[in-house]
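Below, each value reflects all heavy atoms present in this structure, side chains not excepted, and no hydrogens, waters or symmetry copies. Just so it is clear, the structure is predicted and the values come from calculations on it, not from any experiment.
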Number of protein chains: 2
Amino acid sequence: MKKDISTEEKILTAAGQIFKSKGYAGARMQEIADKAGINKAMLHYYFRSKKMLFDKIFKEILSSFHQNIVKILNDDINWEKKIIVLTERFFLFVSKNKDIPIFIFNELHKNPEFFQKQLLRFETIRNSSFFKELKTEMEKGNIVKTDPLQVLIHIFSGMIFPVIAEPIISSIGDFNNDGFESFMYQRKEIIPKIIIEYLKNNGEK
Amino acid sequence: MKKDISTEEKILTAAGQIFKSKGYAGARMQEIADKAGINKAMLHYYFRSKKMLFDKIFKEILSSFHQNIVKILNDDINWEKKIIVLTERFFLFVSKNKDIPIFIFNELHKNPEFFQKQLLRFETIRNSSFFKELKTEMEKGNIVKTDPLQVLIHIFSGMIFPVIAEPIISSIGDFNNDGFESFMYQRKEIIPKIIIEYLKNNGEK
DNA sequence: GTCTATAAAGCGATAGAC
DNA sequence: GTCTATCGCTTTATAGAC
C-alpha cells in the first residue's frame, strides 16, 4: 500500500498511452521511460521485458472492456431500454477512449495468440440476460427472429466503427472536431431507433 | 512494357502482403525480400527506403478503396437498389480483403499525416449521385430526413466493422470459419433491409 | 540489375555502482 | 529502488564487385 503514485503505476500509465497510440511494434521503451519520468532500466526492473509489460496492459484493457459489456448486458431492464442504454454507454466510452478500439482490434489481428492467453469467458455474453430476453421475445413472436449476436454487433459497429474510421469520415464530411462530435451525437440517437424499429417490425415474418 | 513479372512488381506484391499483415512498424525489409525471392539491397535500389516503399503501397490501397466507393455511389440506379448493391459490394470486398480495413484505419490512426499527403478528393463522395438522390428524396418527404453520410456509415460500419472485430465476434459466437462466414452472409441481407426500412418510415417525422 | 558484405544506427536488455 | 554505462542483437541502408 503506497500513498504516492508509485513508479509501477507511473510506468503502467505511460506505457498504456504509448502502446495505444503506437501499437506494440511501434512503441519504444525509451519513449515510455521518458513519459514516465524514469529511465529504461526501471522498466525492466518492474516488468522484465517489453512483451511482459505489453501483455499486462493489453490484458487489463481487454478485460475491462469485456466486463463493461457484460455488466450492461445483465442490467435488469427490458431489451428495448437496454439497447438504448448500451448505445449510450458505448457513446460515452468511445468519446473518452478514441484509441482503444483500434488498438484492441489491431493487436488481436496482428497477434492472434494474444487472444487465447487472455482466457476471456465470452460465453458470459452469449448467456447474458440481454441475449436470453431477445430469444424469448423472438419465440413469442414479439420481435423479428434473428441472431441476438447480430443485434449486439449492430450496436457495436454503429458506435465503435465511426471512431475507428474517424479520419476518413471527417474528410468525407469535411468536419472539424465539433463536426465529428455532433455526427457521433446524432448516431447515438439514430442507432437504437433503427434497431428497435427493425426488431419490432413483424409485418414481414 | 515488360512481359514477365518484373522485380518491381514482385516487390510490391510481397511488400503489400507483409505490410498488411504486420503493419508498417512491424514489417521487416528482410521478410519482404524473402517473400519476393530477392535480397534486401534490391528493395532499396527500387524504392530507396522502407518509408517510400510503404507510402507507395499505402497510397495505392487507399486510392483503389476510394475509387471503388465513388464508382458505386455514382451508379445509375435508384437509392434503394444502390444501398443493396453497395452492401453486396462491400460484402464481396471484405470477404476477399479481410486485412485491408484494419490496415488502413490503423496506419491512419498512427500516422495521421499520411492522410494529407494522399490528397484524396473526398468531396467526390459528398457530391455523388447517391448523396444527391437521398437529399432530394428527403426534401420531397419520401424518406426520413437525416445526413446522407450517416446512411453511408451505416453500410460501412455494418459490413466493415465485423471483419475488423472478427476475432472477438467469433469468440462470442463460438464460431469456426464457416460460422463467421455465414454470420457475414446474414448481415449482407439484414443491413440494407434495416436501413431502407428506417428511411422509408415516415410515420415519425 | 543483382548480388555479397558491411556500415551505421536503433533498440531491448543487463551489469554494477550507489 | 534508481541510476549510468554498455552489451549484443536487430534492422535499415549503402558500397562495391560482377
Side-chain angles (χ1 to χ4, degrees), chain A residues 1-61 103 106-107 109-111 113-114 117, chain B residues 1-61 103 106-107 109-111 113-114 117:
Chain A
M1 288 295 187
K2 292 153 192 170
K3 294 189 177 178
D4 284 354
I5 299 166
S6 70
T7 302
E8 191 169 336
E9 284 174 281
K10 279 193 284 186
I11 293 172
L12 286 171
T13 303
Q17 289 174 0
I18 301 293
F19 281 135
K20 279 186 277 181
S21 70
K22 307 282 180 80
Y24 175 74
R28 296 291 165 254
M29 294 296 265
Q30 185 62 62
E31 202 177 353
I32 293 171
D34 290 347
K35 177 152 279 193
I38 49 154
N39 59 68
K40 275 192 300 180
M42 301 277 21
L43 302 179
H44 293 94
Y45 176 77
Y46 279 96
F47 299 96
R48 278 191 84 91
S49 71
K50 182 184 179 183
K51 185 73 168 47
M52 289 174 87
L53 174 55
F54 176 84
D55 280 357
K56 176 136 191 163
I57 285 167
F58 189 69
K59 192 167 187 163
E60 272 180 21
I61 290 177
F103 171 67
N106 186 49
E107 297 298 337
H109 177 255
K110 276 159 194 166
N111 226 332
E113 66 270 16
F114 278 159
K117 281 194 285 182
Chain B
M1 287 296 185
K2 292 155 192 172
K3 294 189 177 176
D4 283 353
I5 299 166
S6 70
T7 302
E8 192 168 337
E9 284 173 281
K10 279 193 284 186
I11 293 172
L12 287 172
T13 303
Q17 290 175 359
I18 301 293
F19 280 136
K20 278 186 280 183
S21 70
K22 307 282 180 83
Y24 175 74
R28 294 292 165 254
M29 295 296 265
Q30 184 64 61
E31 201 176 354
I32 293 171
D34 291 347
K35 177 152 277 192
I38 50 156
N39 60 67
K40 279 190 299 179
M42 302 277 20
L43 302 179
H44 292 94
Y45 175 79
Y46 279 97
F47 299 98
R48 277 192 84 91
S49 71
K50 181 183 179 184
K51 185 73 166 49
M52 290 173 86
L53 174 57
F54 177 83
D55 280 359
K56 177 137 191 162
I57 284 167
F58 189 68
K59 192 167 188 163
E60 273 181 21
I61 290 176
F103 172 67
N106 185 47
E107 296 298 336
H109 177 255
K110 276 160 195 166
N111 225 332
E113 67 270 21
F114 278 158
K117 283 193 283 181

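A straight line from CG of A:L53 to C1' of C:dC11 spans 15 Å, rounded to a whole angstrom. Rounding to whole angstrom units, NE2 of residue A:H44 and P of D:dT6 are separated by 18 Å. One interatomic measurement links the two molecules: CG of B:L43 to P of C:dT2, which rounds to 11 Å at whole-angstrom precision. A:K50 has its NZ atom 15 Å from the P atom of D:dT10, to the nearest Å. Counting to the nearest Å, the P atom of D:dT2 and the CZ atom of A:F47 are 12 Å from each other. For A:M42 and D:dG1, the CE to C1' distance is 5 Å, given to the nearest whole Å. Here the P atom of nucleotide D:dA13 and the CE atom of B:M52 are 10 Å apart, to the nearest Å.
Not a single side-chain contact (heavy atoms from CB on, under 4.5 Å) links A:S21 to another residue, sequence neighbours left out. A:S49 pairs by the side-chain contact (heavy atoms from CB on, under 4.5 Å) definition with A:K51, A:M52, not counting sequence neighbours. Partners of A:K35 under the side-chain hydrogen bond (donor to acceptor under 3.5 Å, both in side chains) rule, at least two apart in sequence or in another chain, are A:Q17. Looking at residues two or more places apart in sequence or on another chain, you find no salt bridge (Lys or Arg N to Asp or Glu O under 4.0 Å) involving A:K110. Not counting sequence neighbours, B:K40 has no partner by the salt bridge (Lys or Arg N to Asp or Glu O under 4.0 Å) test.
Listed by first and then second residue, the salt bridge (charged side-chain N to carboxylate O under 4.0 Å, His left out) pairs involving residues 15-24 of chain A are A:K22-A:E31 (not counting sequence neighbours).
A heavy atom closer than 4.0 Å to some atom of DNA chain D occurs in B:R28, B:M29, B:K40, these being the qualifying members of residues 28-40 of chain B. Contacts between residues 17-26 of chain A and DNA chain D, defined by a heavy-atom separation below 4.0 Å, involve no residue at all.
The 5' end of DNA chain C is approached more closely, in terms of each residue's nearest nucleotide, by B:Y45 than by the other of A:A27 and B:Y45.
Between A:F58 and A:F103, a ring centre-to-centre spacing shorter than 6.0 Å is recorded.
Across B:R48, B:M42, B:H44, a single residue satisfies side chain to side chain contact (heavy atoms under 4.5 Å, CB included) together with B:Y46, and that is B:M42.
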Contacts table for residues 23-30 of chain B: side-chain donor-acceptor under 3.5 angstrom, sequence neighbours left out:
residue : atom : partner : partner atom : Å
B:R28   : NH1  : B:A25   : O            : 3.2
B:Q30   : NE2  : B:D34   : OD1          : 3.0

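The side chain of A:T7 lies closest to D:dT2, out of D:dT2, C:dG1, D:dA15.
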